[in-house]
Visitor: 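Encoded as structure tokens, here's the structure I'll be asking about.
Model, not experiment: these values are computed from the prediction. Heavy-atom basis, side chains included; hydrogens, waters and symmetry copies ignored. Count residues from 1 along the sequence.
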Amino acid sequence: MKSRTFYFIFLLFLTSTGAYSQQSSLLRISLENTVDHIQTQYVMKFAELVEERTEGSIIVEFYHSGMLYRDQEVINALYTGKVEMAVPGTWHISAHVPEISYFLLPEFFGEEREYNYEYINSEEGQRLISRIEETLNVVIPGDWLDLGHAVIFTTKRNRIRKFRDLVGKTIRVAGGTMNKRRVELLGADGVIIAWPDVPYHLRKGTIDGLLTTFESVKSAELWEYGVKYAFVDNEYFPQYIPMISKRFWEMISSEEQSILISTWNEIALEQREEAEKAQIEARKVVEENGISVFYPQEEDLNEAKSMLMEHQQELIEELMY
């Protein structure tokens with residue numbers, strides 16, 4: 001991983017000194033996740049392949065860990081041309097395209113990942129993709145990346161074994177009004193906090209837990225900040241959407257566009273399978289580091305979903321207004 005980091009620093013040097021041809025197009029990619037995160041690793045691989053396959057006609061500057069922009073900010077940066085590509089989570093897009101929050105509604109609570117895929121590939125899902133592209137002035141070059149099911153993690157004095165144990169707890173969510181509303185309907189106090197700030201809030205005790213994935217907990221080693229328990233309720237299935245600035249897209253050749261599309265879809269297919277394996281492996285790692293894992297009883301889970309579904313129409317109306 002260190003060699004890859006050096007590689008991109010070297011690219012920055014070459015770009016700043018004019019060592020590349022003036023005919024090259026600069027593709028700046030901004031991610032919020034750390035370098036060890038599976039999303040970062042595969043987008044990094046995409047960046048390397050793009051430079052290789054375009055033979056340097058596209059030069060990539062790669063920024064991870066929110067070094068350039070946090071995902072809450074990156075959509076505006078894409079729109080204004082301050083960055084050419086980002087891969088934000090679906091939950092960050094809801095402020096701009098409220099319909100994206102459909103994936104966060106109770107209908108998707110507890111469902112398998114295929115439920116997301118089927119919706120995206122449906123006519124309604126394709127209309128949603130077009131809506132995102134038109135609203136944000138971006139191109140979505142291919143399949144979305146998977147993260148894995150988001151579940152509740154809590155600190156030492158806040159063990160969750162049943163949904164009623166969530167009552168009164170302060171739970172961090174990544175973003176998206178529907179994420180916040182869902183945990184609130186379950187009895188918790190939902191707060192939106194950017195990922196880089198999570199360790200600080202855990203250490204200060206301003207949150208009792210967070211909604212995230214095993215892989216994210218592992219990559220940030222959150223057991224070092226007091227995370228002690230996992231409650232595997234599969235609240236929703238987070239995915240990341242690749243977005244390329246339309247301004248950049250129209251600057252490059254049709255051949256370069258084809259390379260970006262084919263390379264992205266190749267990486268996305270590989271990443272989806274590895275993401276599932278990574279979540280399984282991450283669970284083992286977090287357990288080895290002292291995090292106890294609990295699963296809700298089927299009856300408890302069904303009752304929670306039924307309760308949430310009673311609010312679905314109300315939540316849809318909130319999305320639209």
Side-chain angles (χ1 to χ4, degrees), residues 1-17 19-69 71 74 77-78 81-89 117 120 129 133 138-148 215 219 238-278 281:
M1 198 59 65
K2 287 183 179 179
S3 62
R4 286 184 172 182
T5 302
F6 174 78
Y7 173 72
F8 285 106
I9 292 173
F10 183 58
L11 289 182
L12 286 171
F13 169 76
L14 290 177
T15 303
S16 64
T17 57
Y20 281 111
S21 165
Q22 292 183 353
Q23 300 302 313
S24 299
S25 299
L26 176 62
L27 177 64
R28 291 167 294 183
I29 303 177
S30 174
L31 300 184
E32 183 176 89
N33 284 322
T34 61
V35 72
D36 293 328
H37 197 281
I38 191 167
Q39 180 224 28
T40 308
Q41 292 170 1
Y42 275 88
V43 178
M44 188 180 292
K45 185 174 181 180
F46 165 77
E48 293 174 347
L49 288 173
V50 164
E51 286 211 333
E52 177 186 322
R53 293 174 180 178
T54 62
E55 298 180 344
S57 67
I58 294 179
I59 305 305
V60 180
E61 290 182 7
F62 188 88
Y63 300 88
H64 57 79
S65 306
M67 290 189 297
L68 195 58
Y69 295 101
D71 282 352
V74 81
L78 275 169
K82 295 177 181 177
V83 68
E84 286 71 45
M85 184 173 181
V87 194
Y117 299 165
I120 294 168
I129 289 174
E133 291 181 323
V138 298
V139 171
I140 297 175
D143 292 331
W144 302 2
L145 300 185
D146 289 352
L147 177 54
E215 170 64 17
S219 68
Q239 291 183 284
Y240 299 100
I241 304 181
M243 296 182 180
I244 298 176
S245 162
K246 192 172 182 181
R247 183 183 307 177
F248 173 83
W249 190 258
E250 292 175 346
M251 284 174 48
I252 62 176
S253 68
S254 58
E255 181 181 357
E256 290 168 328
Q257 291 173 355
S258 295
I259 290 172
L260 288 176
I261 290 171
S262 61
T263 302
W264 179 264
N265 282 324
E266 175 187 325
I267 289 299
L269 180 63
E270 184 180 343
Q271 188 274 344
R272 283 183 170 186
E273 296 310 311
E274 288 303 312
E276 185 174 28
K277 295 176 185 176
E281 178 59 31

Visitor: Supply the atom-to-atom distance E51 CD to S24 OG, rounded to the nearest 0.5 angstrom.
Guide: 9.0 Å
Visitor: Search all heavy atoms of L49 against all heavy atoms of E266 and return the closest pair with its distance.
Guide: CD1-OE2, 4.2 Å
Visitor: For D71 and Y240, does a side-chain donor sit closer than 3.5 Å to a side-chain acceptor?
Guide: no
Visitor: Report the distance from atom CD of E52 to atom CD1 of I259, rounding to the nearest 0.5 Å.
Guide: 10.5 Å
Visitor: Taking all non-hydrogen atoms of both residues into account, name the closest pair between A47 and V60 and its distance.
Guide: CB-CG1, 3.6 Å
Visitor: Going through the distances and angles, do H37 and L147 end up as a side-chain contact (heavy atoms from CB on, under 4.5 Å)?
Guide: CA-CA 10 Å; H37 197 281; L147 177 54; 3.4 Å; yes
Visitor: Under the side-chain contact (heavy atoms from CB on, under 4.5 Å) criterion, do F46 and L260 qualify, and how do the steps go?
Guide: CA-CA 9 Å; F46 165 77; L260 288 176; 3.8 Å; yes
Visitor: Got a second to check how far H64's NE2 is from I29's CD1, nearest 0.5 Å?
Guide: 12.0 Å
Visitor: Closest approach of I140 and E133, non-hydrogen atoms and distance?
Guide: N-OE2, 2.9 Å
Visitor: Is any side-chain heavy atom of L78 closer than 4.5 Å to one of Y69?
Guide: no
Visitor: As an exercise, state the distance from CD of Q257 to CD1 of I58, rounded to the nearest 0.5 Å.
Guide: 9.0 Å
Visitor: Where is the tightest heavy-atom contact between G148 and P238, given as atom of each residue plus distance?
Guide: O-CD, 2.6 Å
Visitor: Flag the pair K277 and E274 as a salt bridge only when some basic side-chain nitrogen lies within less than 4.0 angstrom of an acidic carboxylate oxygen.
Guide: yes
Visitor: Would you compute the distance between atom CH2 of W144 and atom CE of M243 and round it to the nearest 0.5 angstrom?
Guide: 8.0 Å
Visitor: Taking I38's backbone N and O only, do any of them form a donor-acceptor pair with Q271's side chain (distance below 3.5 Å, no angle check)?
Guide: no
Visitor: Can you find a heavy atom in the side chain of Q239 that is under 4.5 Å from one in the side chain of I120?
Guide: yes
Visitor: Tell me the side chain to side chain donor-acceptor pair (under 3.5 Å) pairs involving residues 241-253, sequence neighbours left out?
Guide: S253-E256
Visitor: With respect to Q39, which candidate in D146, N33, T34 satisfies the side chain to side chain donor-acceptor pair (under 3.5 Å) definition?
Guide: N33
Visitor: With the side chain counted from C-beta on, respond yes when L68 and F62 share a heavy-atom pair under 4.5 Å apart, and no when they do not.
Guide: no
Visitor: Would you check, one step at a time, whether the test side-chain contact (heavy atoms from CB on, under 4.5 Å) holds for V83 with V74?
Guide: CA-CA 8 Å; V83 68; V74 81; 4.1 Å; yes
Visitor: Quick check: closest heavy atoms across I244 and P141, and the distance to 0.1 Å?
Guide: CD1-CG, 3.9 Å
Visitor: Counting distance only, does the side-chain N/O of E84 pair as donor-acceptor with the main-chain N or O of R28 below 3.5 Å?
Guide: yes
Visitor: Would you check, one step at a time, whether the test side-chain contact (heavy atoms from CB on, under 4.5 Å) holds for L145 with W264?
Guide: CA-CA 10 Å; L145 300 185; W264 179 264; 3.6 Å; yes
Visitor: Drop me the distance from E32's CD to T40's OG1, to the nearest 0.5 angstrom.
Guide: 10.0 Å
